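As structure tokens, the structure follows; a few thoughts come after it.
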There are 2 protein chains.
Amino acid sequence: MADFIGTHQGKLDAKGRVSVPAAYRASLKTGSTSGNTAPTAPAPLYLRPSHKFPCLEGFTEKAFARLEEELNKLPEFSDEHADLATAIYSEAIRLEADKEGRIVLPAELIGHAGLNEGGIAFLGKGKTFEIWDASTAERRKIEARERAAALHFTAPGVVH
Amino acid sequence: MADFIGTHQGKLDAKGRVSVPAAYRASLKTGSTSGNTAPTAPAPLYLRPSHKFPCLEGFTEKAFARLEEELNKLPEFSDEHADLATAIYSEAIRLEADKEGRIVLPAELIGHAGLNEGGIAFLGKGKTFEIWDASTAERRKIEARERAAALHFTAPGVVH
DNA sequence: CGGGATTTCATGGGAGTCAATGGATTTACA
DNA sequence: TGTAAATCCATTGACTCCCATGAAATCCCG
């Protein structure tokens, strides 16, 4: 079932902090392997720069583990394994929200996604989500809609 | 089996709330994956902007899950998967009715469908339904009727 | 078959709660 | 001891929940 749905607007403050949308916080907890539901339990979240877009990809602990499974399908000492491992781990970062539900984005990731204090957007992608500059996100949504339509997606009520 | 049938009028209040037609509420519960029939059980409902018309498309949990199945047919790390996931999830929203059976429509969706406090219409579409501005829905019906009539007029063998 | 009583819906408004944000203060570390 | 980072605190505003009223359909009983 879908964990992350919808677009949520947010702001980056001078310290590089962002509020994780309230709608996402519960999913981050259920997506944690600990399954701890205590209010004080930290909800770990993984971020990595997207290869395809100027945005950040966000994962729950479980979703990030799926990347690792993908990695383990490759021969352990192959070049592919080494490359993928580097790609997955070297640029990723594990974050925990503070008491107010905010995370601090490293300058490197802020740069990759072109984020500024003018507004950022969380885009739900089901099992994962993305963090975009707000105005860039709008363009991306239009593009995704058009390209999805080109797939001749025929399910009821979707993109035609 | 058809869950949503008929046209139901409603009103948008100053807070963006609408009563879900009583005839739809039972279907929303049976369409929930939890299958919980307790009176207190929330009846989740998914809305997304239509790309074809200025209206909103409504899904039960099960109906929305069918969209996800469509998505899962695509290779997990392909461009197509990314596009479709963004198209499906980033613009959708998951809602639960309050104790009075009302839902709150986000401003973005209200804008897309051109809804105002002058009245809205729920149109049953079988497994799904649509939410329209009442007068726009009426105009669309008239337009569809006229165009259908024009087609018949020029169709071979039709005499008036 | 009526007419009143009852329940279910629809709708409006108000108060409390929580999320989001900005800033201050303390801690860690060079 | 200076600088950066993490934690804590406070305020605003939005949203949720709750109750209250009115209308309409249904039921029940004479």
Side-chain angles (χ1 to χ4, degrees), chain A residues 4-29 37-45 47 58 93-111 115-124 129 131-132 134, chain B residues 4-29 37-45 47 58 93-111 115-122 124 129 131-134:
Chain A
F4 303 106
I5 295 183
T7 297
H8 302 264
Q9 301 293 333
K11 281 173 70 179
L12 201 67
D13 70 13
K15 299 179 182 176
R17 296 181 296 185
V18 212
S19 271
V20 176
Y24 285 11
R25 292 180 198 164
S27 297
L28 287 173
K29 275 182 184 153
T37 56
T40 58
L45 115 79
L47 287 184
I93 125 177
R94 180 180 195 270
L95 293 175
E96 281 174 11
D98 65 15
K99 202 170 57 178
E100 284 77 31
R102 285 183 288 199
I103 52 176
V104 180
L105 300 182
E108 197 178 273
L109 292 185
I110 291 177
L115 305 181
N116 55 60
E117 296 189 29
I120 69 176
F122 288 76
L123 297 198
F129 63 92
I131 299 178
W132 288 75
Chain B
F4 304 106
I5 296 180
T7 298
H8 300 264
Q9 299 295 330
K11 279 174 70 181
L12 201 66
D13 70 13
K15 296 181 180 176
R17 296 180 296 186
V18 213
S19 270
V20 176
Y24 285 11
R25 292 181 198 166
S27 297
L28 287 175
K29 274 183 184 151
T37 56
T40 58
L45 128 75
L47 287 183
I93 183 173
R94 180 179 194 270
L95 294 175
E96 281 175 10
D98 65 14
K99 203 169 57 178
E100 285 76 32
R102 286 182 289 196
I103 52 175
V104 181
L105 301 182
E108 198 177 271
L109 292 184
I110 291 177
L115 305 181
N116 55 60
E117 297 189 28
I120 69 176
F122 288 77
F129 62 91
I131 299 178
W132 288 75
D133 169 71

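Given the structure is predicted, the values throughout are model-derived calculations rather than measurements. Note on naming: letters A, B, ... go to the chains in the order of the sequence lines (proteins, then strands), and numbering restarts at 1 for each one. Only this structure's heavy atoms are used, side chains among them; waters, hydrogens and symmetry mates stay out.
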Could you check A:Val104 against A:Glu100 and say which one's nearest nucleotide on DNA chain D is further toward the 5' end?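 Whichever sits nearer the 5' end wins; that is A:Val104.
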CG of A:Leu105 versus P of D:dA5: gap in Å, rounded? 13 Å
Separation of atom CG in B:Leu95 from atom C1' in D:dC15, rounded to whole Å: 13 Å
Assign A:Val20 to base, sugar-phosphate, or nothing according to its heavy-atom contacts below 4.0 angstrom with the strands shown. sugar-phosphate
Assign B:Asp13 to base, sugar-phosphate, or nothing according to its heavy-atom contacts below 4.0 angstrom with the strands shown.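 Contact class for B:Asp13: sugar-phosphate only.
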[X] vs [N]: side-chain N/O to OP1/OP2 distance below 4.0 Å:
X	N	value
B:Lys99	D:dT16	no
B:Arg25	C:dA10	yes
A:Lys11	C:dG22	yes

Shortest non-hydrogen contact from A:Ile5 toward B:Arg94: CG2-N, 4.3 Å
Name of the residue among A:Lys15, A:Arg17, A:Lys11 meeting side chain to side chain donor-acceptor pair (under 3.5 Å) with A:Asp13: A:Arg17
From the set [options], return the single nucleotide nearest to any side-chain atom of [X].
X	options	result
A:Arg102	C:dT21, D:dT7, D:dC17	C:dT21
B:Ser19	D:dT7, C:dT11, C:dA24	C:dT11
B:Ala22	D:dC9, C:dG13, C:dA10	C:dA10

Point-to-point distance, once rounded to the nearest 0.5 Å, from CZ of A:Phe129 to CG of A:Leu47: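 Rounded to the nearest 0.5 Å, the CZ-CG separation comes out at 5.5 Å.
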More than 12 heavy atoms of other residues, nucleotides or ligands under 6.0 Å from CD of A:Glu100: is that the case?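 Yes.
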